[in-house]
Amino acid sequence: MVKVVRIHKTGDPSVMKIEDVSIDRPASNEVVIRHTAIGLNYIDVYVRSGLYPLDSFPSVIGMEGAGIVEELGESVDDFAEGDRVAYPMSLGAYAEKRTIPASKLVKLPDNIDEQIAASIMLKGLTAHYLIFRTYKVQKGDPILVYAAAGGVGLIMCQWAKILGASVIGCVGSPEKATMAKAHGCEKIILYKEQDIAKKVMEFTDGKGVAVVYDSVGKDTFEASLNSLRPFGTLVTYGNASGPVAPFSPSILGPKGSLYVTRPTLATHIASRDLLLEGTSMLFDIVGAKAIKINYNQKFALTDVKKAHQDLENRLTTGSTILFP
Ligand SMILES: NC(=O)c1ccc[n+]([C@@H]2O[C@H](COP(=O)([O-])OP(=O)(O)OC[C@H]3O[C@@H](n4cnc5c(N)ncnc54)[C@H](OP(=O)(O)O)[C@@H]3O)[C@@H](O)[C@H]2O)c1
């Protein structure tokens, strides 16, 4: 039997139950891994609350983990027992052990430990596709990043700065402002009290930014559109304050022929080639220590309710790891 966190219905953090279950033997294309670190992500909140619906109950939640291969399906030949591996986006991570298709896994290089891997697989691959694929950040671009001291935020701000962007970060507190500044942000907006678009125009001599990476959603959609320069791109990629309300595309013309896109990591790692391309760039930049990775919160898996509460109450910075 292995300890897992399952939900039998959606709702607040109390719906997460610590349970002992038996896990499936691996099918021919699968492996069993023993988790040594599990990543906490905002998508776990959406799944738990019901914003992102599940196919069936009960369900082990959690999307990201790292650990050791313990058992191999008969047709798996690119992994071996004892390999250190990680994955970014596969439901069922809140568990001591799990069965998973081998195609979802990547091997960890020697210079990426499992705690770092559980801090970067989902968040770092998201930062990667956002700045290299969704909108290709160029040297000199002014860009706006929400939740700049968060998990995705701290990675994205550092990486965009390396690409030569001038990063404006929105953060929820002065402490987060200090952290965001130490991780790539040139300018800060305390967006609980300051007018976002007005500050952006002040920082950019009235021109606006080339791209807004908005993970907050409902509360900031309008301010994000009003912060863009003509032909600018709004990348709305999260719903921390709730999903963006329906809107008419006709509002985009008068604001400067703007672009709006709503990408997901799932599409960007849908093929093995896409997954390996992103992972290779991520491991190179993190392995070279050009980007600092912070897992600022650590919880036992059994304390997962507190971890969710802290994430939803905006009390976390950087990445959070759960230990089985
Ligand atoms: N589309 C994709 O492919 C994809 C993939 C990964 C993540 N995401 C999204 O990226 C975002 C960041 O994920 P993460 O796991 O790294 O989380 P995170 O940024 O570490 O945590 C969320 C942060 O959002 C900010 N926030 C603003 N309004 C909030 C509200 N009403 N309630 C709660 N938080 C609020 C808070 O920072 P401040 O206090 O500084 O405002 C909070 O710390 C999430 O929206 C997530 O859904 C999307």
Side-chain angles (χ1 to χ4, degrees), residues 12-13 38-49 51-52 61-64 88-90 93 118-135 144-158 168-181 183 185 188-194 196 212-221 223-224 234-244 260-270 274-275 278 282 293-297 307-322:
D12 67 24
I38 297 161
L40 177 74
N41 290 283
Y42 221 92
I43 189 173
D44 304 347
V45 171
Y46 306 144
V47 171
R48 190 213 71 218
S49 69
L51 181 65
Y52 292 178
I61 64 168
M63 293 290 191
E64 175 183 40
M89 194 72 170
S90 195
S119 306
I120 63 172
M121 288 300 290
L122 200 153
K123 299 167 198 76
L125 286 173
T126 299
H128 166 265
Y129 86 71
L130 289 172
I131 60 174
F132 286 97
R133 297 190 190 140
T134 305
Y135 172 87
L144 180 65
V145 176
Y146 284 96
V152 175
L154 281 186
I155 300 174
M156 179 156 50
C157 292
Q158 295 180 81
I168 304 171
C170 283
V171 294
S173 71
E175 297 73 31
K176 289 183 178 183
T178 305
M179 186 170 291
K181 275 200 162 170
H183 293 81
C185 285
I188 293 291
I189 300 174
L190 288 164
Y191 63 144
K192 281 182 183 164
E193 60 236 41
Q194 293 176 322
I196 297 168
V212 176
Y213 293 109
D214 185 342
S215 59
V216 174
K218 181 165 71 74
D219 288 355
T220 49
F221 181 71
S224 294
L234 168 54
V235 183
T236 171
Y237 74 100
N239 334 274
S241 67
V244 173
V260 176
T261 180
R262 206 313 180 181
T264 73
L265 177 60
T267 324
H268 281 278
I269 53 170
L274 283 173
L275 171 66
L282 180 65
I293 301 302
N294 305 276
Y295 42 98
N296 293 335
Q297 300 74 218
H308 273 229
Q309 281 158 355
D310 284 1
L311 185 60
E312 286 180 276
N313 290 327
R314 305 168 78 159
L315 298 177
T316 64
T317 56
S319 300
T320 301
I321 301 181
L322 307 170

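Note that ligands are numbered from 1 as they come in the structure, with each ligand's atoms numbered from 1 the same way.
The shortest N or O to N or O distance between S215 and ligand 1 is below 3.5 Å.
Contacts with ligand 1 closer than 4.0 Å are made by no heavy atom of T317, backbone or side chain. In E312, the part holding a heavy atom less than 4.0 Å from any atom of ligand 1 is the backbone. Contacts with ligand 1 closer than 4.0 Å are made by backbone heavy atoms (N, CA, C, O) of P263 only, the side chain lying farther away. If you look at Y129 next to ligand 1, the close heavy atoms, those under 4.0 Å, all belong to the side chain.
Atoms of ligand 1 found under 4.0 Å from any heavy atom of G238 (numbered from 1 in listed order, with element): 45 (O), 47 (O). Set against the non-hydrogen atoms of K176, the atoms of ligand 1 under 4.0 Å away are 37 (O), 38 (P), 39 (O), 40 (O), 43 (O). Residue L311 has at least one heavy-atom neighbour below 4.0 Å for each of these atoms of ligand 1: 21 (O). Which parts of ligand 1 touch N239 is read off a 4.0 Å heavy-atom cut-off, strictly below it: atoms 45 (O). Listed by number with element, the atoms of ligand 1 under 4.0 angstrom from any heavy atom of G151 are 16 (O), 18 (P), 19 (O), 20 (O). Each of the following atoms of ligand 1 lies closer than 4.0 Å to a heavy atom of V216: 27 (C), 28 (N). Within the listing of ligand 1, atoms 15 (O) sit less than 4.0 angstrom from a heavy atom of N41. Atoms of ligand 1 found under 4.0 Å from any heavy atom of L265 (numbered from 1 in listed order, with element): 2 (C), 3 (O).
Using a non-hydrogen distance threshold of 4.0 Å, G153 does not register as a contact of ligand 1. Judged by the shortest distance from any of its heavy atoms, Y46 lies inside the 4.0 Å radius around the atoms of ligand 1. Within the 4.0 Å heavy-atom cutoff, R262 counts among the residues contacting ligand 1.
Aromatic pair Y213/Y135: ring centres not closer than 6.0 Å.
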Open item on the list: Please evaluate residues I168 and I189 with respect to the criterion side chain to side chain contact (heavy atoms under 4.5 Å, CB included), reporting the C-alpha separation (whole Å), side-chain torsions for both, the decisive distance (0.1 Å), and the verdict.
Closed with: CA-CA 7 Å; I168 304 171; I189 300 174; 3.8 Å; yes
Task: Verdict with reasoning, F221 to L234, per side chain to side chain contact (heavy atoms under 4.5 Å, CB included) - done: CA-CA 9 Å; F221 181 71; L234 168 54; 3.5 Å; yes
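Atom 42 (C) of ligand 1 has as its closest protein heavy atom R314 CG, 4.1 Å. At the top of the distance list for atom 41 (O) of ligand 1, counting protein heavy atoms only, stands Y191 OH, 2.3 Å. Atom 40 (O) of ligand 1 has as its closest protein heavy atom G172 N, 2.8 Å. Residue, atom and distance of the protein heavy atom nearest to atom 19 (O) of ligand 1 are G150 CA, 3.6 Å. For atom 30 (C) of ligand 1, the closest heavy atom belonging to the protein is A240 O, 3.4 Å. Atom 7 (C) of ligand 1 has as its closest protein heavy atom V152 CG2, 3.9 Å. Counting only heavy atoms of the protein, atom 24 (O) of ligand 1 lies nearest to A147 CB, 3.7 Å. Residue, atom and distance of the protein heavy atom nearest to atom 6 (C) of ligand 1 are T126 OG1, 3.3 Å.
At a threshold of 4.5 Å between non-hydrogen side-chain atoms, the residues I196 and Y146 count as touching. A 4.5 Å side-chain heavy-atom check between V171 and L190 finds at least one atom pair inside the cut-off. Using a 4.5 Å heavy-atom cutoff, the side chains of P88 and L275 are in contact.
The heavy atom nearest to atom 10 (O) of ligand 1, considering only Y42, Y237, Y213, is found in Y237.
Screening residues 121-133 for salt bridge (Lys or Arg N to Asp or Glu O under 4.0 Å), with sequence neighbours left out, gives E64-K123, R133-E277.
Of the N and O atoms on the side chains of T134 and Y237, not one donor lies less than 3.5 Å from an acceptor on the other residue.
Ring-plane geometry between Y52 and Y46 is classed as tilted, the angle between the planes lying from 30 to 60 degrees on a 0 to 90 degree scale.
Every ring-ring contact (aromatic ring centres under 6.0 Å, His included) that F132 has, sequence neighbours left out, goes to H128, W159.
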